[in-house]
Amino acid sequence: MSLPTGLVSHTQKVKSLYKQALRCLESWYDRREVYRYHAVLMRNRFDLNKDIKDMRIAKDLIAQGEEELFKKQHWLPRKFPHSPGGVAHGREVIPPDWVLDYWHPLEKAQYPEYFARREQRKREYVKLWEKKFGKSEALPH
Amino acid sequence: MGAAFGYFPESGFNLYFHPEVTPGPNEKPTFDPLLGFENGRKERVMIATEEEMRSAKIPLEHRDYCAHHLLKYLSCRKDNWPWAVNCEHEKHVYSHCKYEDYVIRMKEYERERRLRVREYNKKQHEIAAA
Amino acid sequence: MHICLIFSGLFLFWSTVFFLFSIYFIVEGLTWFLEFNLLMINSSSIVMTLLFDWMTFLFMSFVLFISSMVIFYSREYMASDIFINRFIMLVVMFVFSMMFLIVSPNLISILLGWDGLGLVSYCLVIYYQNVKSFNAGMLTALSNRIGDVALLMAIAWMVNYGSWNYVFYLFQLKGDSYMNVISYLVVLAALTKSAQIPFSSWLPAAMAAPTPVSSLVHSSTLVTAGVYLLIRFNFCFNEWLMYFLLFISSMTMFMSGLGASFEFDLKKIIALSTLSQLGLMMMILSLGSYELAFFHLLTHALFKALLFMCAGNIIHSVGDFQDIRYMGGLVKFLPLTCVYFNISNLSLCGLPFLSGFYSKDLVAEIMSMGYLSFYIYLIFYVSIGLTVCYSFRLVYYSFVGSFNFLSLNSVYEGSVMMIKGMGGLIFLVIFMGSSLSWIIFPYPYVIILPLFMKILTLLMVILGAWIGYELSKFFISYDSLSLKNYSLSWFLSNMWNMPVISTLGINYYPIIGGSFLYKSLDQGWSEVLGSQGIYSVIVSGSKISQIFMNNSIKIFFVLMIVWLMIIFMI
């Protein structure tokens, strides 16, 4: 389907650079109105070079832009807490479902109906998979 | 500048730049105590006795010439406990006595320093004359 | 009854009991030793001793009071956690370890309390199970472990004296060589626990713990355990150790004050503030006045715990945002929190007649009365100014100014429990300083200073406030100073790059060094001098000897002639 191959088009690079530049400005300029002023200036910098048709110059500009972004990144970037890299990311860890299969039989015997339903569900899931993707044979090790 | 800025320019710089005329902070007086005093000096007396201080178990560093005020303060504290705030007057009297003691020590230091300056100047005159 | 209320009430009761005991013990000058015979086998007995001094009772009452407020507060803060019982049990275990540390007159029970503190604080730091917390927990536990090793070595050295009750040996054996070694090891242990200079990277990292934990552990109890140990041991320090401690603590105070002025995470700023005050406490100890260090410890515990609780209230209200750049103008939405925050900040700065003033100003005056070099004065007063600088900066960012948060928000102060928990502390923050200064000091400190030295503290406070305002103000046409001095800001904010010693320096750089060594030595010179080299030498040697094995008559005749020549020449 859409596999991440790591090949990004020029447009995507420009958009990504712009967003990262804005986030960098957000870490440096704290108050919202000051940030808004500098964000408009940054947009103007991008808009001045918007109509360049020569791809060599455009690639060079993007490389320079990424270099400048790296040099001016903030040492404590302003991240949202629940997003990766933030303070509250991943605080509540939900154990994955397959952990239940490793319970001791005596523990499983405390919830007989649930585990019976679970086995039934597992069989139905295997049938669903084989209907959609066909039977798979075991690969030799 | 003197008292406004503090001891630092006077004694600190003098200790470094003019060590021969400045007594160090922990040095004892080297001149005769009665030099310059025609009518003699009054000797300081301890008012609190040895047994009183020993029975109150005062640490050794606090057994100085103000110990009688300290004893009064401690007994007032014990009487008014836990409202030790009522002993404000005794604490003030003790602090004032310590202040007087500090001034006496400061004056001793200044006397020592001036006697040393006087000797130094005398020596310079002798060297200049010879 | 909810578990929080049970423990909170229990700790509050015992806290008042212990406080009454302590003020009785101070005036009577009593010290109790309680001995329990654990085992008695044929006249050799194992005895457990507990020391009850006015200092232990006072410290215990403060610790129990703060922990009762924190447990009451965490009922609301951790309300979304289904495992709150586990959390409260961990906090209670922590408090019991701290109690055990406080009442012990011998090194073995101190070790039990000390290790208990380290272990339980590790469990509390990793309470939220994300990668940041796990890393922070490792850093905490391993830094504390160095101190545990030092304490174990001190126990080993103490065997020289026959028993581990240090309280009996400290005065008499002051200059003894064994006591010197023991004091060095104990100081090392206290340096790690109280996060002084080489080991200071764990304290800001441990802010990954929940805020009630930070409020109890990282502000008043765990980090003061090191200071308490040094207060107990301070009679046996020799002069050079005190110089060393003075240097380390003044450097810590300075470095963390600078770091907090460039930091943007709310809890990390307060953590660095704690670090700065710990440096101050160690500095007072190294000047010899242990009672003053204890006084500052107690007042600091109060207002720092309150500061952390207010920070927790802010964080809880804005939905887990800890970055102060996201907060502005919160005074309109969280007015009572702002009041408590400001009062404890002012107490921290040393505003006259709040509780921080009594300890901090007395420290400044005692220091000015002594004969210290100019460097110490400079560092100390600059650090006092820096304290005010980051406090004002924090208040300016979070409370003053226009609202800076997201557009869709719901910031309100709806938590009665948290406010009540903080309210218990605010009364003490205001009044405990003056009350303690009358109670604790039986022999009053007499301060005689010229006018300038006396008002220098207040001058530095005002100067620091102005610098704090300058560092944080922001207008549209204002160029960011930190952006212009990029490398300096990076250096100062990362605590002078010292965390590298504890993190990259023991993980990453040794591995790179190891790979370099592997390529150049293991796969290079060892092969030349060792396996492959010897192999090639043997191969070439055997090639030569194979020529002789070719059974060639010519070679045999040549060899015969050489041998005859050798025999006839000699």
Side-chain angles (χ1 to χ4, degrees), chain B residues 1-13 15-16 24-27 53 55-64 66-67 69-88 90-106 109, chain C residues 16 19-31 54 57-58 61 171 235 288-291 358 362 364-378 381 431-457 459:
Chain B
M1 273 220 249
F5 187 66
Y7 318 128
F8 186 54
E10 302 274 354
S11 21
F13 285 152
L15 197 59
Y16 186 73
N26 294 324
E27 283 177 22
M53 290 198 288
S55 78
K57 292 187 196 154
I58 298 182
L60 296 174
E61 63 262 14
H62 288 105
R63 295 187 192 185
D64 52 5
C66 294
H69 293 298
L70 181 62
L71 287 169
K72 281 213 201 70
Y73 172 64
L74 286 176
S75 69
C76 163
R77 229 168 96 96
K78 210 162 165 149
D79 290 332
N80 287 359
W81 197 261
W83 286 274
V85 193
N86 297 337
C87 293
E88 179 70 49
E90 277 82 6
K91 191 172 179 185
H92 181 74
V93 168
Y94 176 64
S95 303
H96 184 74
C97 174
K98 291 281 269 198
Y99 170 71
E100 300 278 307
D101 177 73
Y102 190 81
V103 168
I104 288 173
R105 278 185 284 137
M106 243 172 38
Y109 180 86
Chain C
T16 44
F19 187 71
L20 295 169
F21 264 97
S22 82
I23 57 175
Y24 179 69
F25 272 44
I26 293 180
V27 72
E28 300 290 326
L30 286 177
T31 307
W54 65 269
F57 276 124
L58 201 54
S61 97
F171 288 97
F235 302 106
S289 26
Y290 69 98
E291 274 176 6
Y358 285 99
L362 198 50
E365 289 168 355
I366 293 288
M367 212 195 57
S368 304
M369 288 272 286
Y371 293 110
L372 293 169
S373 70
F374 182 63
Y375 161 78
I376 303 290
Y377 276 108
L378 185 68
Y381 281 107
F431 292 113
M432 207 43 153
S434 54
S435 328
L436 274 183
S437 76
W438 275 105
I439 293 178
I440 291 187
F441 300 115
Y443 308 106
Y445 286 103
V446 178
I447 312 289
I448 299 151
L449 287 172
L451 176 66
F452 181 68
M453 303 301 284
K454 200 104 167 108
I455 64 174
L456 186 60
T457 315
L459 261 178

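A quick note: this is a predicted structure, and the numbers were derived from the prediction, not measured. Sequence lines set the chain letters: A, B, ... in the order given, protein chains first and strands last, and positions in each chain run from 1.
The nearest pair of heavy atoms linking C:I23 to B:P82 is CD1-CB, 4.1 Å. Nearest heavy-atom pair across B:K91 and C:P444 is CE-CB, 3.7 Å.
C:F21 CZ: 12 or fewer foreign heavy atoms inside a 6.0 Å radius.
Heavy atoms closer than 4.5 Å to chain B are found in the side chain of C:I26, but not in its backbone. For chain C, the nearby parts of B:E88 are the backbone and the side chain; heavy atoms of each come within less than 4.5 Å.
One finds the OH atom of B:Y99 at 14.0 Å from the CD1 atom of C:I447 (value rounded to the nearest 0.5 Å).
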Apply side-chain contact (heavy atoms from CB on, under 4.5 Å) to the pair C:E28 and B:W81, showing each step before the final yes or no.
-> CA-CA 10 Å; C:E28 300 290 326; B:W81 197 261; over 6 Å; no
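Using modelled atom types, one side-chain atom of B:R77 and one backbone atom of C:W438 make a donor-acceptor pair closer than 3.5 Å.
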